[in-house]
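Report on the structure given below.
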Amino acid sequence: MIRTILKEVREYKRASLITPVFMILEVLMETMIPFLMASIIDDGVNAGNISHIYRTGGLMIVVALIGLFAGIGGGRFGAKASAGLAKNLRESMFNHIQTFSFANIDKFSTAGLVTRLTTDVTNIQNAYQMILRMMMRAPSSMICALIMAFTINARLASIYLVAVLFLGTILFFIIRHATSYFRMAFPKYDDLNASIQENVSAIRVVKAYVREDQETSKLKKASENIYRIFVRAECNVIVNAPLMQFTVYTCIILISWIGAKMIVSSTLTTGELMSLLAYCMNILSSLMMLSMAFVMISMSTASMERVSEVLNETSMLQNPPHPVMDVDNGSIEFDHVSFSYREGSEEPVLKDVCLSIRSGETIGIIGGTGSAKSSLVSLISRLYDVTQGAVKVSGIDVREYDMEVLRNQVSVVLQNNVLFSGTIYDNLRWGNLNATDEECREACRLACADDFVRSFPDGYNTRIEQGGTNVSGGQKQRLCIARALLKKPKILILDDSTSAVDTATDARIRRAFREDIPDTTKLIIAQRISSVQDADRIIVMDEGQISGFGTHEELLASNEIYREVYESQTSGGGDFDERAGE
């Protein structure tokens, strides 16, 4: 875990090494101040030696200035190293997440990944800065002060040693208990973020159903869970402060009482007593800093585990050692394919599917909700891997292709259409970064989006709001189709991507596909029979199996499911899930 995190220090190693050097130098300068002060009192004030006071005072100013600049340097380089580590962690996590399969992302959840990229990384950043500065400064200061105190008077210095051992033991048990609570707290942030994310993204639905109070109650519950855990953790940690204060004042009283007796008996000087009291504050303030650092580190331990879990996660989809770098054509073959989303699932989502699709064919796919239509097409672009059998594109198993090459030739328009913040041109060029304005307009013409885009005051430079909230559902679908067409794929998959489009526009889109991209294999998932009936062939899915595969006329004659749906939709409405007569 620690090795995984420290690997991300990279170019900030120099700053990480310089920071402790500055902190130790600052400590050494601070340690010299009480010693010089004792010399001023004993050899200057008490002896009436004004020149000694000037010399030693001047030396104290130099020492203080060196300490000041060392402290500034330590703060500057410590901030650079810790902020740099946080930057690298976020970049590495985000880059690594891009390699994840859908199954990997499902394992962590979207909210969980957001929490790790934000809250957890911030905790690690704060802890790293504490380690570089406080964890170097506090022990060094305490050790130097103890050495100086024992040099002045071993008997009085032993009081510090007892105090340090006592407080160290107490701190160990406090941190041990608090850490377990912090480990429980941070996963709760995932629930909180999930609640916020769900509410904000679906705010229109929340308002439409007047569910504000229920959503507020749900968020309050998630927030209270975090509150309760942190209160229990802080109740453990808070004991540390009064114990520290009690120990500090006890040490001051004991040193003052014993030291006063020793001054009377001439075994200790006034300057030495003042130095010992200064070292007392030095030692115990170092312990206070250490306790704060340990609390921060205990909080970040849970965060480090969560971040390391993401960085060490291996994508379930990997490129082969020598991948195929070219897709010749858009032919597709399913060879006894079975598929489950989770390994070891009793019931597979797809069961022994066998299909052969020629390059350039238009294939319609219909089926009831949960019949595995989307699962079937997800295997073609290798968003998931088959559990058994093989999916072949251009006669080659998709697992033998370079994934980027394969996905550039298999363009998918998913059910949940997503547009990003930026202009329409920016969104279209997700399909092809180098596409010209003319190519973008041509893709929109094929997707029947050109007319409505031109009607906007800014045309193709119209800015799309986050999530595409300023365009209708049908407009969003057509822009997503145009974006997919810009890739000039050999296989185009439309996963119920014209559901929000009127039937006339749907027909125009299909006609444009037939006339303008005849060599592209087209797979169209739909609920409407009218969207697929003119396809070359139609697949009827039922409970993860192929119930029928043929032309519209063949299926009407031979497939009961298809015939019932056709009759229900042409004789008075209904959808695929409403069988005739039910």
Side-chain angles (χ1 to χ4, degrees), residues 22-71 74 134 136-168 170-171 240-292:
F22 275 121
M23 299 316 299
I24 291 170
L25 180 60
E26 184 186 19
V27 166
L28 291 173
M29 295 304 104
E30 285 182 357
T31 306
M32 288 178 66
I33 296 290
F35 185 78
L36 294 171
M37 190 183 297
S39 177
I40 287 175
I41 292 169
D42 292 336
D43 301 329
V45 176
N46 292 342
N49 188 345
I50 192 70
S51 62
H52 180 78
I53 293 173
Y54 284 141
R55 284 196 306 272
T56 310
L59 183 58
M60 282 182 69
I61 292 171
V62 172
V63 168
L65 286 172
I66 294 172
L68 172 66
F69 287 114
M134 297 299 183
M136 285 295 164
R137 176 189 168 84
S140 302
S141 180
M142 188 167 61
I143 291 167
C144 288
L146 276 171
I147 291 170
M148 295 302 290
F150 271 96
T151 302
I152 294 169
N153 191 289
R155 181 183 170 192
L156 287 176
S158 61
I159 295 172
Y160 302 147
L161 194 58
V162 172
V164 168
L165 292 173
F166 169 72
L167 290 174
I170 296 296
L171 183 61
N240 183 52
L243 270 174
M244 289 280 182
Q245 293 292 334
F246 173 78
T247 308
V248 167
Y249 293 129
T250 302
C251 285
I252 290 172
I253 290 168
L254 286 173
I255 289 166
S256 299
W257 180 47
I258 298 170
K261 287 186 175 182
M262 293 176 74
I263 289 172
V264 171
S265 62
S266 300
T267 55
L268 190 73
T269 66
T270 306
E272 287 174 337
L273 178 60
M274 288 189 66
S275 296
L276 284 168
L277 288 171
Y279 288 134
C280 172
M281 295 307 296
N282 235 348
I283 291 167
L284 297 172
S285 65
S286 297
L287 275 173
M288 287 288 284
M289 284 191 284
L290 269 178
S291 67
M292 290 169 58

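The analysis underlying the following values was restricted to heavy atoms, covering all of them including side chains, and did not include hydrogens, waters or symmetry mates. Nothing fancy with the numbering, it's 1 onward along the sequence.
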What are the two closest non-hydrogen atoms of [X] and [Y], and how far apart are they?
| X | Y | value |
| --- | --- | --- |
| Met134 | Pro139 | O-CD, 3.6 Å |
| Ile40 | Gly57 | CD1-N, 4.0 Å |
| Leu146 | Ala157 | CD2-O, 4.5 Å |
| Ser140 | Ile24 | OG-CG1, 3.7 Å |

Contact list for residues 26-39, test salt bridge (charged side-chain N to carboxylate O under 4.0 Å, His left out), sequence neighbours left out: Glu26-Arg137, Glu30-Arg137
Has the side chain of Ser256 got a donor or acceptor atom that lies under 3.5 Å from a matching backbone atom of Ile253? no
Whether the side chain of Ser265 engages the backbone of Met262 through a donor-acceptor N/O pair (distance < 3.5 Å, no angle test) should be reported. yes
In a check of side-chain contact (heavy atoms from CB on, under 4.5 Å) between Val63 and each of Leu68, Leu28, Ile33, which one passes? Ile33
Would you say that [X] contacts [Y] through its side chain, given a criterion of any heavy-atom pair below 4.5 Å between the two side chains?
| X | Y | result |
| --- | --- | --- |
| Leu276 | Leu268 | yes |
| Thr267 | Arg155 | no |
| Val45 | Ile53 | yes |
| Asp43 | Thr56 | no |

Pairwise distance [atom1]([X]) to [atom2]([Y]) - rounded to 0.5 angstrom:
| X | Y | atom1 | atom2 | answer |
| --- | --- | --- | --- | --- |
| Leu277 | Leu156 | CG | CG | 9.0 Å |
| Met29 | Cys144 | CE | SG | 9.5 Å |
| Leu65 | Phe69 | CG | CZ | 6.0 Å |

Determine whether Ile255 and Leu273 satisfy the following criterion, side-chain contact (heavy atoms from CB on, under 4.5 Å), listing intermediate values before the conclusion. CA-CA 8 Å; Ile255 289 166; Leu273 178 60; 3.9 Å; yes
